[in-house]
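The structure under discussion appears below in the form of structure tokens.
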There are 2 protein chains.
Amino acid sequence: MGLTRTDNYTSEQVNLAQLLKVLGHPARIAIVQSIIRTNKCICGDLVTEIGLAQSTISQHLKELKSVGIIQGTIEGTSVCYCINVETWDRLKLSMNELLNAVDANPNCC
Amino acid sequence: MGLTRTDNYTSEQVNLAQLLKVLGHPARIAIVQSIIRTNKCICGDLVTEIGLAQSTISQHLKELKSVGIIQGTIEGTSVCYCINVETWDRLKLSMNELLNAVDANPNCC
DNA sequence: AAAGTTAATCGTAATATTGCGATATAGCAA
DNA sequence: TTGCTATATCGCAATATTACGATTAACTTT
């Protein structure tokens, strides 16, 4: 099929999976890290920073934007991208809940 | 292409992306949560718990195992799966570093 | 207006993922 | 041995992803 079934899962599971899937690519990790690090509106600098074609970077930005991880506002001829804090906090909560669940219940084998 | 280029990124970026990619599917989130929650060796219970075919569950388990998120030991006729704590701790460190980087540097737009 | 810059979109090719049924493998029970 | 159960693997079809070059859109500068 190739189509992920979503009807068996809670919306929380689907939501977290969606965010992690988008972050599950080194280029998008690098993009997010770069946006965080520069702490300012960066634009096409990513094309030279990461060694990918402009259209490829734009596509990755679109995916990050589509799930609300980043948001962009037009600044003249270029675009300012930054982290969407609401989505980020939601991710942080869900992910920490998952990550910390293991410590409480150590594994058995 | 369809092939992710890895030569532009640090091994940390590739590694984190790999783990997040595998976790980026609701079935695998559900599987991991189930393993954590039951805190014991669960096996084919997943097939009834999650509504997917046995072969599909087996495939998801294989992917989780391939990146070291879970490990399985044979228990007679069934298999005991549990969280691989070393990988989990590595994920926790990398992910927290990324997640907490935003708080320090609030976004600009 | 014309040319330049920046980013998005389109089209395409190669590859990966998802899911299933069918089959194989391996241990346990009769 | 003969079945029974549990899991893994194979083969397949449908769809998604990744990456690129070419083009378009929109704003700036000359």
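Sequence lines set the chain letters: A, B, ... in the order given, protein chains first and strands last, and positions in each chain run from 1. What you see below is based on every heavy atom in this structure, not just the backbone, and it leaves out hydrogens, waters and symmetry mates. The model shown is predicted, which means the values in this text are computed figures rather than measured ones.
C:dA16 atom C1' lies 10 Å from atom CD of B:E63, rounded to whole Å. Between the CG atom of B:L23 and the C1' atom of C:dT17 there is a distance of 16 Å, given to the nearest Å. Taking atom CG of residue B:D45 and atom C1' of nucleotide D:dT7, one finds them 13 Å apart after rounding to whole Å. Across the protein-nucleic acid pair, B:I57 atom CD1 and D:dT9 atom P stand 15 Å apart, rounded to whole Å. The distance from atom CD of A:E75 to atom P of C:dA8 is 13 Å, rounded to the nearest whole Å. Distance CD (B:Q18) to P (C:dT17): 10 Å, rounded to an integer number of Å. As rounded to whole Å, 15 Å separates atom P of C:dT6 from atom CG of A:L61. The interatomic distance linking B:K62 (NZ) with C:dG19 (C1') rounds to 15 Å, in whole Å.
If you check every strand for non-hydrogen atoms under 4.0 Å, A:Q59 touches a base.
Where A:K65 and A:K21 meet DNA chain C, the nucleotide closest to each residue was compared, and A:K65 sits on the side nearer the 5' end. Mapping A:R28 and A:I74 onto DNA chain D via the closest heavy atom, the residue that lands nearer the 5' end is A:R28.
Residues B:T56 and B:I50 are not in side-chain contact: their nearest non-hydrogen atoms beyond the backbone lie 4.5 Å or more apart.
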Name each donor-acceptor pair under 3.5 Å that joins a side chain in residues 89-97 of chain A to protein atoms two or more places apart or in another chain, with its distance.
residue: A:R90; atom: NH1; partner: A:N15; partner atom: OD1; Å: 2.3
residue: A:K92; atom: NZ; partner: B:D103; partner atom: OD2; Å: 3.1
residue: A:S94; atom: OG; partner: A:R90; partner atom: O; Å: 3.2
residue: A:N96; atom: ND2; partner: A:K92; partner atom: O; Å: 3.2

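Here salt bridge (Lys or Arg N to Asp or Glu O under 4.0 Å) pairs that include residues 55-64 of chain B, with residues two or more places apart or in two chains, are B:R28-B:E63. Residue pairs meeting the salt bridge (Lys or Arg N to Asp or Glu O under 4.0 Å) criterion with at least one member in residues 8-22 of chain A: none, sequence neighbours excluded.
In this structure, A:Y81 reaches the C:dA8 phosphate: one of its side-chain N or O atoms is under 4.0 Å from OP1 or OP2. Distances shorter than 4.0 Å separate none of the side-chain N or O atoms of B:S78 from OP1 or OP2 on D:dA6. Taking 4.0 angstrom as the limit, B:H60 places a side-chain polar atom (N or O) nearer than this to OP1 or OP2 of C:dG19. At C:dG19, one or more side-chain N or O atoms of B:H25 fall inside 4.0 Å of OP1 or OP2 (strictly under the cut-off).
Listed by chain and number, the residues in a side-chain hydrogen bond (donor to acceptor under 3.5 Å, both in side chains) with B:Q33 are A:Q13 (sequence neighbours excluded). Residues satisfying the side chain to side chain contact (heavy atoms under 4.5 Å, CB included) test with B:A17, not counting sequence neighbours, are A:P26, A:I29.
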Identify all pairs in which a protein N or O lies below 3.5 Å from an N or O of nucleotides 21-26 of chain D, and state each distance.
residue: D:dG21; atom: N7; partner: A:S55; partner atom: OG; Å: 3.3
residue: D:dG21; atom: O6; partner: A:S55; partner atom: OG; Å: 3.2

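Note: B:H60 and B:H25 have tilted aromatic rings, judged against thresholds of 30 and 60 degrees for the angle between ring planes.
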